[in-house]
Amino acid sequence: MKFINTNLDFKCGRWRNRRILILCGSLVTIVLLWTNFYSSIGSSTSDNSWGVNLKLAAGQREWQDSRGMRVVVGHYIGPSVDNATKEMMNKNYFAPEQNAGHDGRPVEIAPKELYLMRRLFPLHRFNLLASDRIPLNRTLPDVRRPACKTKVYVDEESLPEVSVIIVFHNEAWSTLLRTVWSVVLRSPHSLLSEIILVDDASDRDFLKEELDKAVLELPVPVHIIRLKTRIGLVGARLAGARVAVAPVLLFLDAHCEAAPGFLVPLLAHLRVSPRSAVCPIIDIISDETLAYIKSFELHWGAFNWNLHFRWYTLGNSELQKRKKDMTAPFPSPAMAGGLFAIMKEYFFEVGAYDEKMKIWGGENLELSFRLWQCGGKVEIVPCSHIGHIFRKSSPYSFPGGMREILSTNLARMALVWMDSWVDFFFKFNPEVGLQARGQNITDRLILREKLNCKNFEWYLKNVWPQHFFPQDGRFFGRIKHSESEKCMKKPVSKGVLGQPMGSATLGICLKDEDLNGMFVMTEEGIIMTDESICLDAPQKNEFEGEKKGAVKVMGCSGYPRQKWSYNEKTYQLQHASTGQCLDISTSSDTSSIVLRTCSTEKSQHWILDSVAWK
Ligand code: UD2
Ligand code: MN
């Protein structure tokens, strides 16, 4: 797996590390772990935050990455605001200090204020005290690649204008208004028609008249739409989109900060690619310190077997394509969901959103599948950067129950777009399958028909050929070591991307309904499993010393060292680039998997034990 050098410089020291970003500053050390961000439905083993820190909170799990760095991944514990009084919730704590958070730097909280900081944190599940110190117009580092800074866009003045749509439910004053100000301060005003704020039935006092007054100070038209009852982000975004006057819609979460030069590259790309949802690189605003942190650029968005959104490193073939022009927009199988621009006319033509998706979740994959399958695209524009506060848990309520809502949204999306793979999804996530019963998806199926959309098999094959889902012609099931009757097992420790990584080992064979025990073998001989991890062994010339013959499980790269072939007669699994066979190590008690010269030894017998996936 390849990691990029992110060259962070926050003035308090320079750190270059290929695998982790360590942010200096007195308060925290942050290990960035790009993972998914929403709850694993029905599973307590979910790992689902975007940004990660080192403090363990209730309901969080912890792993060591392969270098022993501790990483913590939270999950959606919401709802509720722990012990917050009504008075606390309704108070606006905004009290900016001139240079706080200047240039995207972390905010330091004095020891005597730590108590207050901790009291306020649960209100929004980010450091409200820090956010409320930072002026609305703080400066940010220009994190773009040098080639992006000098890139010339033809006919910039004649780009289509944009309506920016920001939906919120009980957002903090400082983050909401900093989102708005960052857009205003960093956009050419000739291209910015309006900003539409859609209040999804917030109940905080300061989001009423006080907000009405505050937006009057802005030098561009800002409209506020107030929804009477809470409907969730899909309904709220639609309410904004319907009244937008500009040809382009730009959706943003309510806790973003647009970075220098973010707008023109998005609009310029829509001009050449009008049937596309174009996404910026989403940088990280730390939930602990509010520092602005440049994020990885060599990733694209997709999802795992449980349909949780994930960032994965680009494989070798995509990297080669991107290397030709690192400023060029590139396709992505899926979008994160919150930050994208799209032509208004096309957005409605392609079916906008599924209005029956309530509150939060699932709409990002639904839109991504629909775009790709119905002749459109999802693309990432690497010259556009916008920061977002990634939280480890959701601060607001999910009326009707979080699991029910998420399961319903995901079930609707899968039923409409995923064809045979809906069976795979429901089979291994029965609680989502349960929620699928009684869903009326007729409207969406008519839309799919009307738009003459392609099927999910086409999507997987063409948009995401590196996918690790089962499909016809691929083996799916357990890989069993015949002599010991044990099965190949995924390592529990996680690497920087949140993907399991480490030595390949054997463990007890898991049941048919347990996805953790399943592997896929492709026709090309790649042995892979959930989270885009592959069975990997070094090339011959790398075989030296103690690591001799070590077989690992790590991020799929597309390199020959991850190719294997299975001989049905001899039961051997042979490594393509070394010609050696998969065996187990007798010296260790953990039954690790190794490569050895192929022989007639029974310890080299493996059974590909198929499990039905649909
Ligand atoms: C991500 C997306 C988010 C959305 C979500 C899946 C990014 C950066 N964020 O989660 O946009 O696609 O995945 O649904 O890609 N909100 C309402 N009403 C509600 C709930 C939320 O208006 O009932 C607002 C909320 O105030 C925020 C936006 O919707 O401005 C997104 O919610 P989030 O920030 O909790 O979602 P996030 O970033 O975890
Ligand atoms: Mn968000």
Side-chain angles (χ1 to χ4, degrees), residues 34-39 41 48-51 74-79 123-126 164-173 175-180 196-204 207 224-227 229-241 250-258 277 279-285 287 295 301 303 307-311 332 334-341 353-354 357-368 378 380 385-402 405-406 408-410 412-413:
W34 276 105
T35 72
N36 63 329
F37 59 94
Y38 56 76
S39 170
I41 292 162
N48 29 22
S49 74
W50 296 78
H75 58 96
Y76 271 76
I77 342 167
L123 284 174
H124 300 278
R125 302 270 160 91
F126 57 71
V164 177
I165 298 167
I166 300 167
V167 303
F168 63 95
H169 175 72
N170 286 342
E171 187 64 42
W173 175 271
T175 42
L176 175 63
L177 283 169
R178 214 163 27 247
T179 307
V180 175
I196 301 172
L197 301 181
V198 187
D199 177 356
D200 188 12
S202 301
D203 50 28
R204 308 283 150 93
L207 293 174
I224 304 182
I225 299 174
R226 289 208 160 81
L227 304 176
T229 42
R230 174 101 179 271
I231 47 178
L233 64 92
V234 159
R237 280 183 195 159
L238 285 172
L250 170 61
F251 294 101
L252 297 179
D253 277 8
H255 31 260
C256 290
E257 284 176 71
C279 310
I281 298 281
I282 310 179
D283 289 324
I284 298 144
I285 303 172
D287 60 337
S295 82
F303 43 93
L307 302 185
H308 295 172
F309 180 82
R310 286 283 202 272
W311 297 107
S332 176
M335 65 159 86
L339 287 58
F340 66 96
Y353 274 125
D354 176 355
M357 289 193 173
K358 302 292 183 226
I359 307 297
W360 186 97
E363 92 297 338
N364 57 326
L365 290 190
E366 195 276 338
L367 179 58
S368 306
V378 176
I380 296 174
H385 281 253
I386 302 180
H388 168 262
I389 303 182
F390 292 97
R391 296 183 273 218
K392 293 171 200 67
S393 61
S394 185
Y396 39 71
S397 64
F398 277 65
M402 183 185 304
I405 287 167
L406 289 174
T408 303
N409 292 350
L410 286 179
R412 293 187 63 81
M413 177 269 287

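Just follow the structure's listing: the first ligand is 1, and inside any ligand the first atom is 1.
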| said: Tell me the nearest of Asn409, Asn364, Ile359 to atom 20 (C) of ligand 1, using heavy-atom distances. | reply: Ile359
| note | Closest to atom 25 (C) of ligand 1 by heavy-atom distance, out of Leu233, Val167, Ile166, is Val167
| contact_flag His255 ligand 1 heavy-atom lt 4.0 Å | yes
| field | Test item, Gly232 contacting ligand 1 (heavy atom, 4.0 angstrom) | value |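 Yes, Gly232 has a heavy atom closer than 4.0 Å to ligand 1.
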| Lys/Arg-Asp/Glu bridge criterion (N-O < 4.0 Å) met for Arg237, Asp354 | no
| said: Taking the basic N atoms (NZ, or NE/NH1/NH2) and the acidic carboxylate oxygens, is any pair closer than 4.0 Å for Arg391 and Asp287? | reply: no
| field | Closer than 2.8 Å to the Mn ion (ligand 2) - protein N, O or S atoms, ordered by chain and residue number | value | Asp253 OD2, His255 NE2, His388 NE2
| So, for Leu339 and His388, which heavy atoms are closest and what is the spacing to 0.1 Å? |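 Smallest heavy-atom distance, with atoms named: CD1-CD2, 4.5 Å.
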| message | Below 4.0 Å, non-hydrogen atoms only: which portion of His169 touches ligand 1? Side chain, backbone, both or neither. | response |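 The answer is both, backbone and side chain.
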Polar atom proximity, [X] to ligand 1 (N or O, under 3.5 Å):
X      : value
Ile282 : no
Leu339 : no
Arg391 : yes
Ala254 : yes

